[in-house]
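Source: prediction; values computed, not measured. Read the numbers this way: they start at 1 and go in the same order the structure lists the ligands and their atoms.
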Amino acid sequence: MKQQPGWVLPNLREAQKRTHQDSKIERALFTIPAQCQGIGRGKYYYLRTYGCQANERDSETLAGILEDLQFTPTKDVAKADLILMNTCAVRKNAEDKVLGEIGHFKQLAQNREDLVIGVCGCMAQEESIVSTLLTTYRHVNLIFGTHNLHRLPELLYKVMIGHEKCVEVYSKEGDVIENLPVHRFGKHKAWVNIMYGCDKFCTYCIVPYTRGKERSRQIEDILDEVRTLKQEGYREITLLGQNVNAYGKDLGIEGGFARLLAETAKTGIDRIRFTTSHPWDFSDEMIEVIATYDNIMPFIHLPVQSGDSDILKIMGRRYTIEEYKTLFDKIMARIPNCAVSTDIIVGFPNESDEQFEHTMDIVDYCKFDNAFTFIYSPREGTPAAQMEDNVPMEVKQKRLTRLNERWNAYALEKNKKYEGKIVDVLVDGPSKKNESAYSGYTDTNKLVNFTGEGVQSGDIVKVKITQARTWSLHGELLKEENK
Ligand code: 5AD
Ligand code: SF4
């Protein structure tokens, strides 16, 4: 499909570039342009979110904007006047799933001329995906990217009132925009962005292109948000960034993430988590701060990606496996009850059997509490996608199966240590099937299903663990302790 006047299409080459200018911070209050006000009155929106927590948080902003426009949420896609797919580009199979879903909406679009079908998020930042959407998925009439959520009112106006297909994807990040509306999906747990984008450029990863350069929020803006959340009754916050350790480096904020973490702890909010940490710039100060404050949870997601130093080098990870082990040991020595989870990619181009065995070795060494394991997926525009790959898919699949069996065994072994112990659980809510069964998470991020009475979601309660499984712990509420 030819470029139409007014369209802004993504451009990979532009997205690859980095400027050295600091991003500006836009603090003006968000206002809905006069002509857009009330355009959602009497209309329903259906919003689907894929991918990481950054996308979850973006969806909360989208929901906030849509509700300011007076749209009403629905979980029934057939009832929706606006369908919005907030997508993830990190692996091809996730993309295929989304495209399949979008394909299903064709029927709905045929019966409803005024139906708006929108695609946003990381897939919308990709040239080839947008081109596929424009040529093969013609029923999609709204495409926008990760850098211009705030433009949603005007974009919807063009589609709904102007009856035109609207494509607006900025390849370069803009200002850091404060004060966007937000409809938080959780009542007790909240996401807090501390920075956007990524400058690490791991050779397999598309995120630096879809999310732009690293831009930090100001420390006071973050702390104000946390204090407000605390006042509103939130008990847990998760500080979000593609690599939180780099927090503040772009703005020269003294003390960086360690300082932000300590200041956040001083707000007194019950539970603080953070994700994701890159092993390369995980400082000793950070370990010290996590060890010092009781309200910083002893749980670290520390993606290793591979157990082989040569592969790590080609991945552009900036650490050797020895350095990873040293960091891991330092964390465990200072925070002995710390749970550590990881991400691992198998079948990176030309990964040999021996190199894969090194990945099995690091699993044996760290005995991770949890692992997210993936088969390498080539992403257009990344350096790794140019590499020849001599590893057949069956080999990659076998490696993945072996790896999963191995880390699962350790996860069970770790969970077994909880049997007979008493843990603090932040209650998510009662189970759907059984009113006297509840679930929630420990400080170490273990899912606990437990029985008890008189428990409310948002409570932090003591639970005695009676049984451990690979994925969860089971227990009973301790009545006396929770009086
Ligand atoms: N192929 C497979 N897995 C990937 N990840 C990122 N890019 C790719 C890719 N091209 C994984 C990494 C990362 C997690 C979010 O997704 O393990 O940490
Ligand atoms: Fe997916 Fe990465 Fe985008 Fe998150 S930032 S939605 S993981 S591609």
Practice task
Just do the side chain to side chain contact (heavy atoms under 4.5 Å, CB included) check on F185 and E60 with the steps written out, would you?
Solution key: CA-CA 7 Å; F185 299 146; E60 293 182 339; 3.6 Å; yes

Exercise for the section: Check the angle between the aromatic planes of Y324 and F368 and answer parallel, tilted or perpendicular using the 30° and 60° thresholds. Expected result: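 Perpendicular, since the angle between the ring planes exceeds 60°.
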
Exercise for the section: Using the ring pair (Phe, Tyr, Trp, His ring centres under 6.0 Å) rule, take Y170 and F144 through it: C-alpha gap first, then chi angles, then the decisive distance, then the call. Expected result: CA-CA 8 Å; Y170 301 162; F144 62 99; over 10 Å; no

Would you mind listing which atoms of ligand 1 come within a distance below 4.0 Å of any non-hydrogen atom of [X]?
X: R91; answer: 1 (N), 2 (C), 3 (N), 4 (C), 5 (N), 11 (C), 16 (O)
X: Q305; answer: 12 (C), 13 (C), 17 (O), 18 (O)
X: R379; answer: 10 (N)
X: I375; answer: 2 (C)
X: S377; answer: 1 (N), 2 (C), 9 (C), 10 (N)

Handout entry: No-hydrogen, no-angle side-chain donor-acceptor test under 3.5 Å, E214 and Y247
Key =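 Distance-only check fails for E214 and Y247.
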
Practice task
May I ask you to identify, for F374, whether its side chain, its backbone, both or neither come under 4.0 Å of ligand 1 on a heavy-atom basis?
Solution key: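 Under 4.0 Å from ligand 1, F374 contributes side-chain atoms alone.
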
Practice task
Would you check whether Y376 has a nitrogen or oxygen atom less than 3.5 angstrom from a nitrogen or oxygen atom of ligand 1?
Solution key: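 In fact, backbone or side chain, Y376 has no N or O that close.
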
Exercise for the section: Report the C-alpha distance between K200 and Q242 in whole Å, list the side-chain angles of each, state the deciding distance to 0.1 Å, and finish with yes or no for side chain to side chain contact (heavy atoms under 4.5 Å, CB included). Expected result: CA-CA 9 Å; K200 288 286 172 294; Q242 298 304 330; over 6 Å; no

Practice task
Give the C-alpha distance, both sets of side-chain angles, the deciding distance and a yes or no for side chain to side chain contact (heavy atoms under 4.5 Å, CB included) between W471 and L447.
Solution key: CA-CA 7 Å; W471 309 103; L447 172 64; over 6 Å; no

Handout entry: From I206, V90, N93 - option closest to atom 6 (C) of ligand 1 by heavy atom
Key =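 Nearest heavy atom to atom 6 (C) of ligand 1 lies in V90.
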
Practice task
Assess V207 for proximity to ligand 1: is some non-hydrogen atom of it under 4.0 Å away?
Solution key: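 Distance cut 4.0 Å: V207 fails for ligand 1.
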
Problem - Qualifying salt bridge (charged side-chain N to carboxylate O under 4.0 Å, His left out) pairs, either residue in residues 394-404, two or more places apart - result: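 Matches after skipping sequence neighbours: E351-R399, D353-R399, E357-R402, D389-K396.
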
